[in-house]
Amino acid sequence: MSNYYQPEIETASYEQIREWQSERLVKQIKRVWDNVPYYRKKMEEKGVTPDDIKGVDDLKKLPFLTKADLRDAYPYGLLGAPLSDCVRIQSTSGTTGKRVVAFYTQNDIDLWEDCCARAIVAVGGTKEDVCQVAYGYGLFTGGAGLNGGSHKVGCLTLPMSSGNTERQLQFMTDLGSTILCCTPSYALYLAESIHEQGIIDQIKLKAGIFGAEAWSEDMRRDIENKLNIKAYDIYGLTEITGPGVSFECEAQTGMHINEDHFIAEIIDPDTEEVLPEGSKGELVFTCITKEGFPMIRYRTRDICVLSREKCPCGRTHVKMSKPMGRSDDMLIIKGVNVFPSQIETVLIQQGYAANYQIVVDRVNHSDTLEVLVEMTPELFSDSLGKITEMEKILVAELKTMLGIYAKVKLVAPKTIARSEGKAVRVIDKRKI
């Protein structure tokens, strides 16, 4: 396992990485102080100046940025370079309030594409591969990032974007795609369609790079079994750069963070205290090379763990675990913390496909939790007694996992709306 795009960087010593980070952080803070009045004001309020930042150890002195800051500073308040130097924007899909608009200089795009190229090479990608990019293009970062990374590796790149499944499968079979990049839920949707059409023998895929939504280890195994591939995770967010902030290698034991570009911290989401390595907490990122939109100590709200345990792949950059949920959109039901990934794990372990929807409501001042689960064709039954028995089993398993009662409703195959982008897993009617 020794596939590297930039070996001298990806296998650099811890001391070298720290040296790069300290040098780049000092330079970045001076640039932000001079060019981003919004953040300079936050620094002044905390009594910090660029002279106080001598290296990575001083990072904790700096103030955090949050999604609220991005909304307050919209659109140009956090711009870190002259607008004339910026060549592109990307934007989040947006759920509430103003969209997040991130700016990129040409150098930002080059470095971002390098990060995505590292991810492709890490899963075995070479210039001999055909890389099918089925993430959305346009404002969404997924398509643009992996497209650029694929070009840099030298793969034949299929810029498919999301949707139009028939066309996806036609190109996949006709052109012999070997690497698939899309959301994990869309990968399962494609797998379902491939098996329905009986064309699995025509599929040449060997690896998939899946991100942009939460997915469990059980879902990974499901994808791998149905597509006969290795499924790898990739992590990113528009605020930081897009996919490629971190990526899995062939060891599949966490995602290597590109530490020459991003400094990662884990904090207690309540106290904002920096936690020691190995602690579970909220992930915070600082961009040390990004020019157009240089986020400093940005609170991602993703809950995970960092580890510097030696990796079989030889990469030395710190690993982050798969996000275990979020500190802000975690469901609190009857006082209990519930993550959709917990529910997904139970369903897949019981033999159901990862097509489900969680509906949270409040009835007579009490929270209710209902899980709609799509039966697979193998499990499908039109016997009311059989369905009731299957629902009872799932209710018991979910109670064991979550600690609270969840109503379960089994529905026929194909009745939950399919997503060709991000799957809509949770409907929280308490917020409507």
* To do: Keeping the roles fixed (side chain from Asp367, backbone from Lys334), state whether a donor-acceptor pair exists under 3.5 Å.
  => yes
* **Under 3.5 Å: donor-acceptor pair, side chain of Asn3, backbone of Ala122** => no
* Considering only heavy atoms from C-beta outward, does the side chain of Leu379 approach that of Met390 to under 4.5 Å? -> yes
* Asked: Heavy atoms, side chains only, cut-off 4.5 Å: are Asp233 and Phe247 in contact?
  -> no
* **pair Ile257-Leu306: side-chain heavy atoms closer than 4.5 Å** => yes
* Asked: Do other residues, nucleotides or ligands put more than 12 heavy atoms under 6.0 Å from the NZ atom of Lys414?
  -> yes
* To do: Could you tell me whether Lys42 and Asp69 make a salt bridge, using a distance below 4.0 angstrom between a side-chain N and a carboxylate O?
  => yes
* Before accepting this row, confirm whether a basic side-chain N of the pair Lys67/Glu239 lies closer than 4.0 Å to the acidic partner's carboxylate O. => yes
* Asked: Taking the side chain as C-beta and beyond, is there a heavy-atom pair between Ile348 and Met219 under 4.5 Å?
  -> yes
* Asked: Do Gln350 and Leu347 touch side chain to side chain, with heavy atoms closer than 4.5 Å?
  -> no
* Structure fact -> In short, Gly55 meets Ser22 closest at the heavy-atom pair CA-OG, 3.6 Å
* What class does the angle between the rings of Trp215 and Phe210 fall in, given that below 30° is parallel, 30 to 60° is tilted and above 60° is perpendicular? -> perpendicular
* Are the side chain of Glu10 and the backbone of Gln6 linked by a donor-acceptor contact shorter than 3.5 Å? -> yes
* Counting N and O atoms only, with roles assigned by atom type, does the side chain of Ser91 sit under 3.5 Å from a partner on the main chain of Val100, one being a donor and the other an acceptor? -> yes
* **Contact summary for Tyr135 and Gly211, nearest pair of heavy atoms** => OH-N, 2.7 Å
* Heavy-atom side-chain proximity of Glu282 to Arg299 below 4.5 angstrom -> yes
* First locate atom SG of Cys181, then atom CD1 of Ile209, and finally report the distance between them rounded to the nearest 0.5 Å. => 4.5 Å
* To do: Indicate yes or no for a side-chain donor-acceptor contact from Thr286 to the backbone of Arg297 under 3.5 Å, with no hydrogens or angles considered.
  => yes
* Is a side-chain N or O of Ser321 found less than 3.5 angstrom from the main chain of Val305, in a donor-acceptor match? -> yes
* **Check: Asp218 and Gln349 side chains under 4.5 Å, non-hydrogen atoms** => yes
* Contact check, side chains of Cys249 and His256, non-hydrogen atoms, under 4.5 Å -> yes
* side chain to side chain contact (heavy atoms under 4.5 Å, CB included) assessment of Ile29 paired with Met43 -> CA-CA 10 Å; Ile29 295 304; Met43 286 178 65; 3.8 Å; yes
* Lys407 atom NZ, over 12 foreign heavy atoms within 6.0 Å -> no
* I would like to know whether Glu224 and Arg221 meet salt bridge (Lys or Arg N to Asp or Glu O under 4.0 Å); could you show each step before the answer? => CA-CA 5 Å; Glu224 290 185 334; Arg221 285 189 286 274; over 6 Å; no
* Can you find a side-chain donor-acceptor pair between Thr66 and Tyr298 that sits under 3.5 Å? -> no
* Glu309, CD: over 12 other non-hydrogen atoms inside 6.0 angstrom -> no
* To do: Taking atom types as modelled, find out whether Gln197 and Glu166 have a side-chain donor-acceptor pair closer than 3.5 angstrom.
  => yes
* Where do Asp361 and Arg430 land on the salt bridge (Lys or Arg N to Asp or Glu O under 4.0 Å) test, with the steps shown first? -> CA-CA 5 Å; Asp361 207 346; Arg430 299 173 300 178; over 6 Å; no
* Pro243 backbone acceptor or donor facing Trp112 side chain under 3.5 Å -> yes
* To do: Answer yes when Glu217 and Arg220 have at least one side-chain N-carboxylate O distance shorter than 4.0 Å, and no when they do not.
  => yes
* For Thr253 against Glu248, the heavy-atom pair lying closest together -> N-OE2, 4.1 Å
* Structure fact -> Taking every heavy atom of Gln168 against every heavy atom of Ser161, the minimum-distance pair comes out as NE2-O, 2.7 Å
* Could you check Arg24, Lys319, Arg18, Arg308 and say which one makes a salt bridge (Lys or Arg N to Asp or Glu O under 4.0 Å) with Glu259? => Arg308
* Checking Glu374 side chain against Ile416 main chain: does a donor-acceptor pair fall under 3.5 Å? -> yes
* Asked: For the residue pair Phe103 and Tyr76, is the inter-centroid distance of their aromatic rings smaller than 6.0 Å?
  -> yes
* Asked: Going through the checks in order, is the side chain to side chain donor-acceptor pair (under 3.5 Å) test met by Tyr104 and Thr241?
  -> CA-CA 9 Å; Tyr104 298 73; Thr241 195; 4.7 Å; no
* Looking only at atom types and distance, does a side-chain atom of Glu344 sit under 3.5 Å from a main-chain N or O of Ser216, one as donor and one as acceptor? -> yes
* Using ring-ring contact (aromatic ring centres under 6.0 Å, His included) as the criterion, list what pairs up with Tyr39, not counting sequence neighbours. => none
* Kindly give the heavy-atom pair with the smallest separation between Ala191 and Lys226, and that separation in Å. => CB-CB, 3.9 Å
* Asked: Which class fits the ring pair Phe285 and Phe262: parallel under 30°, tilted 30 to 60°, perpendicular over 60°?
  -> perpendicular
* **Verdict with reasoning, Thr368 to Val360, per side chain to side chain contact (heavy atoms under 4.5 Å, CB included)** => CA-CA 6 Å; Thr368 63; Val360 186; 5.9 Å; no
* Asked: Would you say the side-chain atoms of Tyr235 and Asp302 include a donor-acceptor pair closer than 3.5 Å?
  -> yes
* Asked: Will you find, in the side chains of Asp129 and Thr178, an N or O donor that is under 3.5 Å from an N or O acceptor?
  -> yes
* To do: Please step through side chain to side chain donor-acceptor pair (under 3.5 Å) for the pair Ser185 and Glu213, ending with a clear verdict.
  => CA-CA 8 Å; Ser185 57; Glu213 63 187 20; 2.5 Å; yes
* If you look at every heavy atom in Gly138 and Gln90, which pair is closest and at what distance? -> O-NE2, 3.1 Å
* So, Gln132 side chain and Leu180 main chain: donor-acceptor pair closer than 3.5 Å or not? -> no
